[in-house]
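Each remark here refers to the structure printed beneath this line.
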2 protein chains.
Amino acid sequence: MRDATLRDVAARAGVSIRTVSNVVNGYAPVSDALRVKVEAALAELDYRPNLIARNLKQGRTGLLCLVVPELDVPYFAELARAVIASGREHGYAVLVDQTDADPDRERELLTRNSRLALFDGLILSPLTLSADDLRHRGNRTPIMLLGEHIFDGSFSHVAIDNVAAARDATTHLIGLGRRRIAAIGDQPYATGDTAQLRTAGYRQALERAGIPLDPALIRPTVHFHRRLGAAAALELMALPSPPDAIFCYNDLLALGAMRALTRAGIRVPEDVAVIGIDGIEEGEFSTPSLSTVVPDKQQIATLAVGGLVALIDGTTGPIPAPAEIRAGHTLLVRESTVARP
Amino acid sequence: MRDATLRDVAARAGVSIRTVSNVVNGYAPVSDALRVKVEAALAELDYRPNLIARNLKQGRTGLLCLVVPELDVPYFAELARAVIASGREHGYAVLVDQTDADPDRERELLTRNSRLALFDGLILSPLTLSADDLRHRGNRTPIMLLGEHIFDGSFSHVAIDNVAAARDATTHLIGLGRRRIAAIGDQPYATGDTAQLRTAGYRQALERAGIPLDPALIRPTVHFHRRLGAAAALELMALPSPPDAIFCYNDLLALGAMRALTRAGIRVPEDVAVIGIDGIEEGEFSTPSLSTVVPDKQQIATLAVGGLVALIDGTTGPIPAPAEIRAGHTLLVRESTVARP
DNA sequence: CAGTCTGTCTGCAACGATGCAGAGCTGCCA
DNA sequence: TGGCAGCTCTGCATCGTTGCAGACAGACTG
């Protein structure tokens with residue numbers, strides 16, 4: 001059976017459609033007599049408002065969408081939690097979409113007919129999209145970007161200082177007396193912006209400490225999953241002169257590397273110290289627990305949602321200029337770099 | 001500036017609204033001359049169809065929503081990937097909502113004005129909802145349930161055989177010669193249905209092996225996170241006669257337990273064997289790697305999405321009866337129960 | 001040449017809700 | 001009694017799109 005509409009309820013109660021709407025929304029005063037009749041009719045017909053129709057009239061849905069490459073990368077799952085919480089504070093429901101790190105899927109989002117046009121705004125963590133893709137996109141939904149990948153000033157953008165984060169991690173290893181420090185996760189090609197910033201921070205730290213750079217110690221990986229971290233760690237240990245510390249560009253790489261090292265009988269941190277970036281909970285419970293640089297996820301979420309809401313409100317007012325917004329990070333030292341006594 | 005509408009484009013091109021619509025959608029044949037004019041106008045005005053309006057007219061959005069308690073529980077993140085993939089195969093985009101395991105948030109979903117009414121269907125993994133909550137819900141969006149929590153025959157429902165899964169895990173431990181086998185994760189109260197089924201499977205396995213049940217070895221936990229697994233493991237080891245194996249009701253509990261045991265100098269699996277349920281990737285890279293019972297997530301997703309799509313299509317045809325649908329599971333033996341040689 | 005068909009194109013109504021302007025009634029005051 | 005204000009309530013237009021029925025012109029058939 002078709003859902004009851006305002007028209008059905010109105011007919012049943014013998015009043016106008018408009019009055020039923022008023023009762024439902026409490027917009028205008030309605031006499032008690034009519035209210036009772038209308039409410040009875042509402043109940044009898046089990047009326048439920050059609051949100052699509054309401055949204056069409058009002059021009060908004062109250063929904064935001066967070067788009068991430070992969071939800072089963074814990075960093076994104078933890079970030080999602082924070083974004084959802086921030087969205088609620090602003091009165092928006094946040095839903096999460098996953099692109100599977102697929103360039104076509106990312107581009108599909110920006111299509112003329114993208115179903116995401118139903119959302120009032122998008123928070124997008126792009127992997128392969130270019131600034132051009134964004135500028136020529138087929139819909140006009142306000143967008144806030146996460147991460148360093150795209151930054152050319154045309155879009156607002158929240159990220160930690162990746163150079164500083166990588167520098168902090170590497171400097172920590174140097175402070176422990178390590179000298180052959182490897183890096184896992186470089187991506188020396190167009191879409192590897194974030195990785196390249198981390199490489200830059202790694203190099204800065206070495207340079208400031210006067211440690212010469214050995215290119216053989218920088219291992220690229222096409223993505224940031226455990227498996228590639230494990231493989232890269234083994235490659236590094238097979239070098240003629242293997243590293244005594246490894247800086248991984250995220251925690252998953254680090255956890256994979258630790259697993260491979262431990263299995264190969266190499267002690268972490270005694271033989272090789274390992275550190276990552278992301279501050280995921282998994283690293284607190286690994287053996288050994290993982291030292292890491294923790295991005296302030298709550299701050300990232302707050303800034304991103306706040307900025308996006310300003311953009312959305314701005315569509316009927318002054319539009320805030322695109323801004324590069326920095327979130328904080330902190331070093332978290334655990335057993336993978338400093339063994340417990 | 002307001003977005004251009006079909007009306008604007010029609011005025012510009014000097015044709016009817018309907019013809020513009022035909023050009024946009026390719027529904028009816030349009031002569032080349034007109035098509036060129038219309039396409040020029042479309043481009044000049046940068047027309048983008050209003051999806052809300054289109055959806056209102058068509059009565060569907062092509063969106064499904066997967067609702068889970070917590071995305072940063074890896075099982076749900078991995079399941080989400082599978083559900084999203086299955087949704088795409090049926091031509092639906094799947095978005096993910098998280099309730100933070102909050103009963104109020106769960107109930108909010110079923111509200112008359114829930115924003116989820118925008119979706120064509122819901123796949124719901126409920127934690128605290130009762131069958132009554134569902135029956136009296138304020139919207140009529142088709143629903144498919146995941147997990148054992150609610151099952152009274154009024155709703156379709158996909159789950160593994162939790163009793164068998166728990167029995168398989170416990171039997172594996174018994175097969176290793178373990179005799180004092182503990183269980184972490186029981187929830188002996190109304191909303192703990194899944195946990196109770198796993199306890200039942202655990203007891204069945206002991207019974208079949210003729211091992212007496214020691215209630216002191218069953219540790220309840222209010223949720224299934226790493227921290228509580230760690231705490232429960234330590235409590236168990238403090239018993240006068242501690243266990244030689246622990247069956248945890250999910251992998252996170254098991255990973256937490258392993259971490260606590262290792263840190264306390266207790267060897268896994270030599271002193272205590274540990275097994276979980278969920279088959280999350282994290283267990284493949286932990287030290288030691290985690291034995292587990294793996295639910296067939298792809299099958300769960302396929303069955304859930306398939307069933308939901310049938311329900312949705314059924315709203316204009318015969319509605320399939322609510323069914324209890326079983327997905328498979330397999331035992332995966334790794335280092336936490338059988339040490340590598 | 002009339003009649004029919006085909007291929008284009010159009011106008012109207014509808015999806016289900018809300019914004020707006022005003023109608024009708026009542027009561028009050030001068 | 002006339003005029004006005006205030007409270008309810010209503011009808012109409014509208015959001016932007018698509019479904020439907022039909023108009024119209026030109027081509028084809030007999």
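Convention: sequence-line order gives letters A, B, ...; per-chain numbering from 1. Here the structure is a predicted model, which is why all the values come from computation and not from measurement.
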Write down the distance between [atom1] ([X]) and [atom2] ([N]), rounded to a whole number of angstrom.
X	N	atom1	atom2	value
Asn50(A)	dA14(C)	CG	P	17 Å
Asp8(A)	dC15(C)	CG	P	10 Å
Arg48(B)	dC15(D)	CZ	C1'	19 Å
Ile17(B)	dT14(D)	CD1	P	12 Å
Lys37(A)	dT8(D)	NZ	C1'	13 Å
Asn25(A)	dG19(C)	CG	P	8 Å
Arg35(B)	dC9(C)	CZ	P	9 Å
Leu56(A)	dT14(D)	CG	P	14 Å

Phosphate oxygens OP1/OP2 of [N]: is one of them under 4.0 Å from a side-chain N or O of [X]?
X	N	value
Ser31(B)	dC9(C)	yes
Asn22(B)	dC9(C)	no
Asn55(B)	dT17(D)	no
Thr5(B)	dG16(D)	no
Ser21(B)	dT17(D)	no
Arg7(B)	dC15(D)	yes

Which nucleotide in dT18(D), dT10(D), dA17(C) has an atom nearest any side-chain atom of Thr19(A):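 Of the options given, the side chain of Thr19(A) lies nearest dT10(D).
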
Phe224(B) and Glu70(B), any side-chain heavy atoms less than 4.5 Å apart: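 Side chain of Glu70(B) against side chain of Phe224(B), heavy atoms only: no contact under 4.5 Å found.
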
Within-4.5 Å side-chain heavy-atom neighbours: Val309(B) and Asp313(B):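 Answer yes - side chains close enough.
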
Partner of Leu63(A) by side chain to side chain contact (heavy atoms under 4.5 Å, CB included), out of Leu118(A), Asp120(A), Leu95(A):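 Only one option passes, and that is Leu95(A).
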
Option passing side chain to side chain contact (heavy atoms under 4.5 Å, CB included) with Leu66(A) (candidates Leu308(A), Leu146(A), Ile84(A), Leu124(A)):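 For Leu66(A), the side chain to side chain contact (heavy atoms under 4.5 Å, CB included) check succeeds only for Leu146(A).
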
Touch class at under 4.0 angstrom, heavy-atom based, for Ile52(B) against every strand present: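 Contact class for Ile52(B): none.
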
Atom pair CG (Leu129(B)) and CZ (Phe155(B)), whose distance is rounded to the nearest 0.5 Å: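 Separation between the atoms: 10.0 Å.
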
base_contact_polar (dG19(D) base, Arg18(B) side chain, donor-acceptor, <3.5 Å):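 For Arg18(B), whose side chain was compared with the base of dG19(D), there is a donor-acceptor pair (under 3.5 Å).
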
Residue met sooner reading DNA chain C from 5', once Lys57(B) and Gly14(B) are mapped to nucleotides: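 Looking at the nearest nucleotide for each, Gly14(B) comes out on the 5' side.
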
